Every structure is written in C-alpha cells, then in structure tokens.
Amino acid sequence: MKLIPLWPLMEMSRDLRAQGINVAHGAYNMNSLVHIKAAIDVAQELNSPLIAQGSEGANGWYSGRPDFRNATLDEKMKGARKIAADVSAYAAQASVPVVLHLDHGVDPDFAIAAIEEGYTSVMYDGSSLPLEQNIANTRRVVEAAHKKGASVEGEIGGLAGAEEGIEHETAKYTDPDEAERYVAETGVDALAISYGTSHGEFKGKVNLKLEIAGEVYGRIRKNGYQCELVSHGSSSLPEHLLSGLVEQIRAAGYADQFKRPDPGVPVEMLMKASRYGISKINVDADIRLATTMYVWEYFNKNADARKDPVTGKMWELMIAEPSKSRPRYYMTPIQQQMIAEDRSNPHVSGILDCIAEGVKLVLRERIQQLGGAGRAGEVEVRGIEDMAREYAAA
Ligand code: 13P
C-alpha cells in the first residue's frame with residue numbers, strides 16, 4: 001500500500017471514540033531499515049495501521065553522519081530521502097496503511113523539506129518559542145504541507161526529559177487558552193500537549209493530568225476543529241523489560257555502573273487518556289531499551305563478538321558507559337551497516353537481528369494494548385493527493 005498521511009488514522013480514532021471505543025495509534029521511532037522492516041512486519045502480523053516516525057536527529061543519522069546532531073539541512077534532507085525510500089518501498093508490499101511522520105522537526109524549513117522528500121506527515125515543534133512565533137512558523141508549515149496533502153502535528157507546552165539531545169528539567173503544562181488559539185490560528189491536524197508525561201527513560205513518578213487533555217479536547221470539539229491530541233514521552237518501560245535489561249547487564253558484569261530506568265507511563269493510563277482525545281502515542285525509549293537488552297544478551301552469548309574488529313568497537317562503547325542505552329551512541333561503529341542493512345559481517349548481522357527483535361517485542365505488545373490490532377481495514381485510506389484535494393476543498 002502507498003504511504004498515507006496521519007489524518008486518516010486520527011479520524012478513525014475520533015470516530016471510534018464517538019462510539020465509546022478507544023483506539024490510540026502508537027508512533028514508533030525508526031533509525032534504520034531493520035527498524036522499518038520489523039515494524040511493518042508486526043503491523044502486518046497484527047493487521048494494524050502503523051505510524052513509523054523519524055526524528056530530526058534520526059534523519060541526520062540516516063544521512064550517515066556519526067555526529068548526527070550537527071547535520072546540515074542538506075544532510076538531513078538526504079537522510080529523509082533515504083528513510084522515505086526505505087519506508088515506502090517496504091510499505092508498498094504491505095497490506096496495512098503506513099504513515100511516515102517526522103517527529104520533532106524544530107526547523108520549519110526542514111519540516112517542509114521532509115515532505116518534499118517523501119514524508120506524509122510532519123511535526124513542527126515550535127513549543128520553546130514565544131506563542132506568536134510558534135503560531136507563525138506552524139502556519140507556514142501547515143500551508144506548505146496541506147497543499148501537498150501531508151498532515152501536521154504541532155505542540156503547545158513543554159515536556160521534561162531529553163528531547164533531540166536537549167535536556168529539559170521541568171515541564172511546562174499546556175495552557176488550554178493557548179492551545180485553543182494555536183489550533184484555531186494554525187489549522188494543525190494533531191496537537192502534542194504536555195500533561196504529565198516526559199521524554200526518555202527517567203520519568204520519575206508519572207501522574208497524568210487528564211483534565212488538561214479533557215479541557216483542550218473539549219474546546220477543539222466545541223469549535224469543530226479537525227484536530228486530535230498527541231501524547232509524547234509515552235514509553236511504558238514495563239517491569240519485564242527493565243528487569244530483562246538489568247539481568248543481561250548483570251550477567252555481563254556491569255550492573256554496578258548501570259542506573260536502572262524508572263517504570264514509564266502505564267498503558268492503562270494511556271488508554272484512559274485516549275478517552276480524552278489522545279489518538280497518537282509516541283514510543284521511543286521502550287524500543288531503545290528492548291534493543292539494548294538484546295544487544296547485551298548477544299555479547300553475553302557470543303564472547304568473540306567483543307573482540308571482532310567491528311562489533312568489538314561497539315562493545316567498548318557499551319562498557320565505557322553502560323547507562324547510555326542509546327543505540328545511536330553505541331552503534332556508531334556499525335552505523336553504515338545499520339543504515340544499509342549490510343549483513344556481510346556475521347556479528348553485525350547478529351546485532352541487526354537484536355534491533356529487529358527489540359522493535360518486534362515492543363510493537364507486538366503495544367499495538368495490542370492500544371487497541372490497534374485487527375483494525376487496519378477500518379482506516380478510510382486516502383493518499384497524500386486525495387488529502388490535498390480535501391484540504392483545498394475545505
Ligand atoms: P519516550 O521518550 O517516552 O519513548 O517518548 C518518545 C517521544 O515522545 C518521541 O517524540
């Protein structure tokens with residue numbers, strides 16, 4: 001199937017909610033062809049729609065630059081082109097609808113360029129800017145995106161935690177007045193709110209302020225806007241994943257240097273939030289930790305991989321900072337092989353399998369918990385060109 005924009009999935013959740021059925025769509029962060037194939041395989045297996053997303057950093061990484069945070073606009077565009085080519089080629093063979101969404105585009109020019117490169121949906125995140133500036137930039141992105149038929153997600157308020165390499169110590173909860181004005185003046189299709197979730201694996205005690213989602217969504221519905229809410233920082237970091245990871249690190253002998261992540265947002269809480277307008281749920285840390293668990297296990301079972309000229313360099317990075325469970329950090333030595341799925345080195349191939357297993361573990365669990373399984377056929381599929389006509393007519 002051809003890639004579709006985000007809106008048809010948001011609309012499906014909205015319409016089901018009106019019938020008292022809560023279905024939210026997980027949006028899963030992708031960093032390689034292996035991630036993409038594994039995610040689409042699981043979506044097919046469960047007959048679920050899928051949102052595959054790449055952050056601005058992931059696009060830099062996908063361009064082949066190890067210091068991906070310093071990627072230029074041209075390099076990020078190159079990465080975007082490659083991700084879009086990989087996702088669309090693999091999704092074309094699938095029978096379920098797949099959305100390719102840009103996560104946390106902080107540069108409006110890049111958000112617009114990502115659509116040109118093949119993304120069907122983009123987040124423009126101007127939440128750290130003054131409201132007027134955020135509105136002006138978002139509006140520019142929406143105008144360009146809707147002309148093409150792509151969907152746009154914006155953000156009001158700010159989450160605590162690490163986001164695109166920048167650490168935010170405290171959250172700024174979404175102000176419903178600002179959110180209402182932002183949606184009215186920008187025409188975004190989806191709005192990320194800050195209501196108690198936080199990015200990353202150290203979320204502390206999670207206490208969702210559902211009243212914020214309820215108030216914002218109530219105003220959106222009252223005014224008749226076509227907009228659904230998004231929950232960022234929504235990894236659940238379930239106990240079985242955390243204890244599995246700790247067990248592997250202990251077996252390797254590095255438990256003392258490992259800071260155990262906090263449990264994340266319980267899925268029951270997320271499902272409760274979906275009653276208040278949350279239709280898209282962002283999950284990244286779960287995938288990173290699941291992948292990392294399998295990678296430690298691989299090195300535990302294959303001691304010679306620690307000495308391999310290529311994977312040995314990865315091992316050195318892992319043991320130098322066991323708490324840095326960020327695959328884009330410790331996988332730098334296999335970045336090229338990861339991007340192109342080059343399996344010529346058997347240990348690299350084994351590590352790529354760990355990525356696939358990590359993605360599959362999380363998506364199988366989360367898609368079922370969020371209610372997406374078996375619902376692929378309920379999405380009213382429209383391609384980007386169809387949506388361009390809908391926006392023009394509206
Ligand atoms: P987590 O850090 O909880 O996985 O959330 C990811 C996210 O919100 C990406 O935008």
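Atoms within each ligand, like the ligands themselves, are counted from 1 in listed order. As the structure is a prediction and not an experimental result, all values here were calculated from the model. Residue numbers start at 1 and run along the sequence shown.
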Do any heavy atoms of K203 fall under 4.0 Å from ligand 1?
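Per 4.0 Å heavy-atom rule, K203 contacts ligand 1.
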Please check if any side-chain donor atom of [X] sits under 3.5 Å from a side-chain acceptor atom of [Y], or the reverse.
| X | Y | value |
| --- | --- | --- |
| H25 | S13 | yes |
| Q226 | D189 | no |
| R326 | T292 | no |
| R275 | Y217 | no |

Counting only heavy atoms, tell me which of G233, S198, G200, A192 gets closest to atom 8 (O) of ligand 1.
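It is G233 whose heavy atom sits nearest to atom 8 (O) of ligand 1.
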Candidate with minimal heavy-atom separation from atom 4 (O) of ligand 1, of S231, S55, S235, G264
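Result: the heavy atom closest to atom 4 (O) of ligand 1 is in S235.
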Just distances here: any N/O of N282 and N/O of ligand 1 closer than 3.5 Å?
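Between N282 and ligand 1 (N or O atoms, distance only) the closest approach is under 3.5 Å.
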Would you mind telling me if ligand 1 is within reach of the side chain of [X], the backbone, both or neither, using heavy atoms under 4.0 Å?
| X | result |
| --- | --- |
| D103 | side chain |
| E201 | neither |
| V283 | backbone |

Among R364, K360, K203, R366, which residue satisfies the salt bridge (Lys or Arg N to Asp or Glu O under 4.0 Å) criterion with D286?
R366
I'd like to check which ligand 1 atoms, numbered from 1 as shown, lie under 4.0 Å from a non-hydrogen atom of H104.
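Ligand 1 atoms under the 4.0 Å threshold to H104: 10 (O).
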Just which atoms of ligand 1 are under 4.0 Å from any heavy atom in H232?
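This gives 8 (O), 10 (O) as the contact atoms.
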By the definition side chain to side chain donor-acceptor pair (under 3.5 Å), identify the one residue from R140, Q133, R139 that meets it with N137.
Q133
Over 60° means perpendicular and under 30° means parallel, so classify the ring planes of F299 and W315, tilted if in between.
tilted
Shortest protein contact, atom 6 (C) of ligand 1 (heavy atom only):
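Result: D284 CB, 3.6 Å.
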